[in-house]
Amino acid sequence: MNTNSKKSLQAVLLLSWATYVTAYLCRINLSSVLDKLASGLDVSVEYLGAASSMYFVAYAIGQLLNGSISDRVNPHHFLMLALTMTGTINLILGLQSNGTVFLLLWCLNGFCQSMFWSTLLRLLSFYTGEKQRKNVSTIMSTCSVTGYLLSWVVLGWLFRPFRFSPYFCVPGVIALTLMTIWYIMARRMPIDGVVNERKSTPPLRQVIREFREDRLFFVCLLCLLVGAIQEGAVFWLPMIFTSVLNLGSGSILLLMMVPFAKLAGVFLARWTLSLFHDNVRTAMIAMTSLACLISGALALTGRHTSYQTVLLIAALIAVVNAGNWYMISYLPLFFSARNIVATLVGAFDFSTYIGASLMSGALGVLLLRFGWIALPALWLLLAILSLLLALTGTGECLRRKGARKTV
């Protein structure tokens, strides 16, 4: 890679990282302010749980649509549109007092949020060769960790004396500021020349045919299970730690284990890839096997509600996030030559958040009806199904890493 290309990658990567951290700030804010929001809007926490489920549905549908669209449009323009929409919506949410309007706007925010990841990954694929893919995927995967830390710790500490408004308005302002920076970059580093060097994006009908022939729907199934375990659980963790496990005032600090567990999962995924000589199938089998062991241990020891339970939850999040990294961050970059990176990211993320939507609603019901112990039992079932998929169809897709299926 020459010096100019290296500088271009660094500039695009830095701005992409800041953009996705901001996107996380505009979506994690709901989880960090549940109590204030419930009283401010005069709604129940269960109502906000339903809002979370609807958000995931809107996000998942948006991933499917916007992934395909972003493979066919200028990524700079699409990112500017996404930042403008999610920034404006968050500003309005911060000034809202009607629960119904808030719910509808939150769903619209979910759709807007789905425009980011696939577009950013497609944009970065233009600047990276195979040797840079692991590093770029790792750096971008730290966005969620940074977003959780900023939202749960920094914003939570700064705005503790205030009502819920700043939790939404401040991220909204940051998003609109980044939109102007993308506008400047679009003028100084036009993307058209880079896009034109690549093979044109194939028609959607051809993409669907290749998707079916390569049996990539197996990856979607595994993404659904992984999303059900990970994303569906994280939304409820603040309540699980405080109200269910009764961990007291230390629960806020313990929540910081979640983003660090996610970060540990990213480095665990990288380490296992090196250990298994970049064989993603073997690495995924290892992670899903660990998920079975950890969720099984939670099911056996969860009634004790000790700090050991918290550590096991963190370990589960780490290994599941490692599996998620293989499919959402690493694998799609190998489809750059086919110019369908964003389409695949959209399909995989769609599946992940359909699983998250189903689980975020189901966990609330399970907690109320059967208590905490039902959750690790369900996680164990999902982990077993994930392992079976990794051993069969999904594992074959991961092993090929973008190469066409041979008959």
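The model shown is predicted, which means the values in this text are computed figures rather than measured ones.
- Smallest separation of non-hydrogen atoms from V266 and S141: CG2-CB, 3.5 Å.
- Here the CD1-CE distance, from I294 to M287, works out to 9.0 Å after rounding to the nearest 0.5 Å.
- The shortest side-chain heavy-atom distance between V12 and M185 falls under the 4.5 Å cut-off.
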message: Walk me through whether S137 and L333 qualify under side chain to side chain contact (heavy atoms under 4.5 Å, CB included).
response: CA-CA 9 Å; S137 298; L333 291 174; 3.3 Å; yes

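- Between Y183 and M80, the closest heavy-atom pair is CA-SD, 3.5 Å.
- Judged as a side chain to side chain donor-acceptor pair (under 3.5 Å), the pairs with a partner in residues 280-297 (not counting sequence neighbours) are, in order, N279-T282.
- The two atoms that bring L176 and L83 nearest to each other are CD2-O, 4.1 Å, heavy atoms only.
- When each of N90, L91, L178 is tested with V173 by the rule side-chain contact (heavy atoms from CB on, under 4.5 Å), just one qualifies, namely L91.
- Between T86 and N109, the side chains place a donor N or O and an acceptor N or O closer than 3.5 Å (distance only, hydrogens not considered).
- Taking each heavy atom of L380 and C292 in turn, the nearest pair found is CD1-O, 3.4 Å.
- The closest side-chain donor-acceptor pair between S118 and R122, if any, does not fall under 3.5 angstrom.
- Residues R212 and F217 come closest through the heavy atom pair O-CE2, 3.9 Å.
- Taking OG1 from T392 and CZ from R215, the interatomic distance works out to 8.5 Å, rounded to the nearest 0.5 Å.
- No side-chain heavy atom of L13 sits less than 4.5 Å from a side-chain heavy atom of Y127.
- F78 is not listed as a side-chain neighbour of N74, based on a closest heavy-atom distance of 4.5 Å or more.
- Nearest heavy-atom pair, C26 versus A175, reported as atom, atom and distance to 0.1 Å: SG-CB, 4.4 Å.
- The local environment of CZ in F260 is sparse, with at most 12 non-hydrogen atoms from other residues, nucleotides or ligands closer than 6.0 Å.
- Inter-residue side-chain proximity for I328 and W117 is flagged as met; some heavy-atom pair is nearer than 4.5 Å.
- You'll find the side chain of D278 reaches within 4.5 Å of the side chain of Y330, heavy atoms only.
- Note: C223 SG to F218 CZ = 13.5 Å, rounded to the nearest 0.5 Å.
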- prompt: Stepwise, does the side chain to side chain donor-acceptor pair (under 3.5 Å) test hold for R72 with S68?
  reply: CA-CA 7 Å; R72 293 163 171 80; S68 179; 3.2 Å; yes

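- Contact of the N66 side chain with the F111 side chain is registered, since non-hydrogen atoms from C-beta on lie closer than 4.5 Å.
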- request: Test F116 against S16 for side chain to side chain contact (heavy atoms under 4.5 Å, CB included), laying out the working first.
  value: CA-CA 9 Å; F116 286 102; S16 297; over 6 Å; no

- request: Might you work through the side chain to side chain contact (heavy atoms under 4.5 Å, CB included) test for L273 and Y326, ending with a clear yes or no?
  value: CA-CA 9 Å; L273 272 184; Y326 298 138; 3.9 Å; yes

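- Across T22, T146, T142, a single residue satisfies side chain to side chain donor-acceptor pair (under 3.5 Å) together with W17, and that is T142.
- Residue pairs meeting the ring-ring contact (aromatic ring centres under 6.0 Å, His included) criterion with at least one member in residues 84-110, sequence neighbours excluded, are Y55-W106, F102-F168.
- Rounded to the nearest 0.5 angstrom, R27 CZ and S114 OG are separated by 9.5 Å.
- Interatomic distance, L93 CG to T88 OG1, rounded to the nearest 0.5 Å: 11.0 Å.
- In this structure, S351 and L221 have side chains that are not in contact, with every pair of non-hydrogen atoms separated by 4.5 Å or more.
- In this structure, CG on N321 lies 12.0 Å from CD1 on I229, to the nearest 0.5 angstrom.
- A donor-acceptor pair is defined here as one N or O able to donate and one able to accept, closer than 3.5 Å; such a pair exists between the side chain of Q113 and the backbone of A23.
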- request: Apply side chain to side chain contact (heavy atoms under 4.5 Å, CB included) to L316 and L298, showing your working.
  value: CA-CA 9 Å; L316 180 63; L298 273 170; 4.3 Å; yes

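- Residues N29 and P171 are in side-chain contact: their nearest non-hydrogen atoms beyond the backbone lie under 4.5 Å apart.
- Looking at S151, its side chain never comes within 3.5 Å of a backbone N or O of G147 through a donor-acceptor pair.
- Counting heavy-atom neighbours within 6.0 Å of F276 CZ, excluding the residue itself, gives a total above 12.
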